[in-house]
Amino acid sequence: MPDLRHTDIQYLHGVGPKRAELLKKELNVKTYYDLLYYFPFRYIDRSFINTVKDLRGDEASVQLRGRFLTFTTAGEGRKRRLQALFTDGTGTIEVVWFNRVASIQKTYNTSTQYILYGKPSFFNNHLNIVHPEVDLANSENIAQGLQGVYNLTETLRNRSFTSRNIHKLVVNVLNTPGVQNIPETLPPELIQRYRMMPLGEALRNIHQPVDQQSLQRAQFRLKFEELFFLELNILHYIKGSSRRLVGHKFPHVGYYFNNFYHHFLQFPLTEAQKRVIREMRHDMGSGKQMNRLLQGDVGSGKTIVAFMTALIALDNGYQACIMAPTEILAGQHLETIQPLAEGLGVKVALLTGSTRKRERTAIHDSLMSGELQILIGTHALIEDTVQFHNLGLAIIDEQHRFGVAQRARLWSKNRVAPPHVLVMTATPIPRTLAMTVYGDLDVSVIDELPPGRKPVTTVLRHEPDRFKMYQFVGSQLRQGRQAYIVYPLIEENEKLDLHALEQGYEQVRDVFPHYNVAMVHGRMKPAVKDHQMMLFATGKAHILVATTVIEVGVNVPNASVMVIEDAERFGLSQLHQLRGRVGRGADQSYCILMARSDLGRDTRHRLQVMTQTNDGFVVAEEDMKLRGPGDMEGTMQSGIAFNLHIANLAQDGQIIQMARNAAEDYLCVDPGMETTWGRKMASHIKEIFDKQTNWGLIS
Ligand code: ADP
Ligand code: MG
């Protein structure tokens, strides 16, 4: 039997060097194995044939059997197209091609029976199908039941590659002598325990399902396998190695922490805050490097937790730093922390891109001498010129703005051993997923808000309600409260968006002549921006018109209204972040989503999720279902940029959990992966993940 993994695809019957080149370039399919693992992305039921007379034009896809009546070309140059009339005896439908007009005209004729597969639509009041798949209506093509549909690239399509061609090549691999018994990749106990389909059968059924049930079993088997290897890789290689990484040992909780806790802390910590602090004390006392992700919804009180964790570092004679994604946020952290630190006699400084040269030099010096204990700043912190006396703890706030590479640079700030790392995020993702995408991090969750918070009331409004919306904002302002009005800003049409923002600003000033209106956006000079922010933060301005620069972390407890303009243009997580800017005081707060009236179904659903829940985890889960985790902020730079063939991190939560458990169980029995199966799987994992950077090992 050929070695599937290493046999070049060009040797497959029906391929050859030219097509092999295409497959490699377009689909990254290089070997027999790659092709077997190039799975269909959906299936069509070939046994069902539609009739033209019953078509409504809104079907997702239809299958017709009949023949072409006429072919005519129309249009000139780039508009040139081929139009055909197709009949199945119950009616006629137009079929249109915009590419490869000449070759298609040569391929099909009016005397042969064909099967068309495609999506019908209405054009100028009559039904047509654009670019259908066309097959000969022979027995092989009709009687097959479920048939896989494969993703193709534009280039492949232009070279007359069809989904069916791919399928035929897969069948050729499956029919290669010897391939009948594809060797198993999972240990037999596992196959038995989860009643899985053997690999060979699963691969056959994923491409050529016998029936719906076999397809489902094949999908389960292949998803499980993929996730199992992913989890083994994380647990054994990534975590295993970072676990072994020596860290600074912080055995004491001393003066700073205790003094603060007993004399300066102005409110009792929530149980969740206490638990998280305990988890970190344990990590940092263990002698191994801490690498922890702290998830907590907006307003859950992460800052105080960060500060108290820093105090533990100080108690053990180390320095700490806190890195924030924007100058505004770094500034706010300083404002929160400085007064607390002063009481304890702790020296704190702020370092950002706009710190003056002289001050910067002073900071560098006191940092080197160890006199400066806590440094707060933006990514200015990771510049090479910033050297610490002994950095023991690096805290990264709102981590989705930072890449893993930047995190790695922080690690190198201590020559002896990497500092403990605490990454804080308000973008909650479900726990199993977090363990998977942030494979190298342990996860802590603050799942409780400080007492007395009222959930923010969220409503969806449209343009005709604008006047009422302003009236409502006015009523809040009269009660002495403040309001945000936020506009979207996307880079592609930045100019247009800025224009909308400025127009909005003028309108708001017209509507509220007796109130002060501030404005911030990313294009302003930092000094101007800070000044405007300051006006709002101190209550001198009553309304802040802004872009999403205020999205993360900004804290103005007196603000009670958040109006989000063009809300349909924001992602769910982003909306949730924005909403988190209000509801920070004890009074009732409101979030008003202004959106177009003619929203699509998905968009309306997305916005309705916001009106129905205040729970960041629910929002995050919905967000994932709608967008997929690949699109979620954070997951792309999260460290393990793996490429899943079949499993879907958003939808396969249960299988992820099973695979995780199975991997943990396996490592209990074979911790070094040294048994026959262990070695076999280790080499398999190496093949799969070799090309991917192992961020867990960066130090
Ligand atoms: P986030 O988690 O969004 O960063 P913050 O740390 O900014 O939240 O905290 C939000 C507000 O809640 C702050 O004003 C903070 O002082 C307050 N806070 C934090 N913990 C508690 C607590 N246990 N009890 C009461 N208020 C708290
Ligand atoms: Mg915060």
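Indexing begins at 1, ligand by ligand and atom by atom, following the structure's order.
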Counting both backbone and side chain atoms, is some N or O of [X] under 3.5 Å from an N or O of ligand 1?
X      : value
Gly296 : no
Gly301 : yes
Pro268 : yes

For this session: Quick one: list whatever passes side chain to side chain contact (heavy atoms under 4.5 Å, CB included) with Asn259, sequence neighbours left out.
Result: Tyr255, His263, Phe264, Leu344
Exercise. With Gln654, which residues qualify under side chain to side chain contact (heavy atoms under 4.5 Å, CB included), at least two apart?
Worked result: none
Seminar exercise, completed: Contact region, Thr270 to ligand 1, non-hydrogen atoms below 4.0 Å, reads both
Exercise. At under 4.0 Å between heavy atoms, which part of Met424 makes contact with ligand 1: side chain, backbone, both or neither?
Worked result: neither
Exercise. Non-hydrogen atoms of Ser300 versus ligand 1: any pair closer than 4.0 Å?
Worked result: yes
For this session: Provide the closest heavy-atom pair for Cys321 versus Phe388 in the form atom of the first, atom of the second, distance.
Result: CB-CZ, 3.9 Å
Exercise. Minimum heavy-atom separation for Leu391 to Leu393, with atom names?
Worked result: CD1-O, 3.4 Å
Exercise. Are Arg360 and Thr355 linked by a side-chain donor-acceptor pair shorter than 3.5 Å?
Worked result: no
For this session: Please determine, by modelled atom types, if Glu568 and Thr603 share a side-chain donor-acceptor pair under 3.5 angstrom.
Result: no
For this session: Provide the number and element of each atom of ligand 1 under 4.0 Å from a heavy atom of Thr303.
Result: 4 (O), 5 (P), 6 (O), 7 (O)
For this session: Go through ligand 1 atom by atom and flag the ones less than 4.0 Å from a non-hydrogen atom of Leu269.
Result: 23 (N)
Exercise. Going through the checks in order, is the side chain to side chain donor-acceptor pair (under 3.5 Å) test met by His420 and Asp283?
Worked result: CA-CA 9 Å; His420 297 295; Asp283 280 5; over 6 Å; no
Problem set entry | Shortest reach to atom 17 (C) of ligand 1 by a heavy atom, considering only Arg584, Arg453, Glu271, Gln577 | Arg453
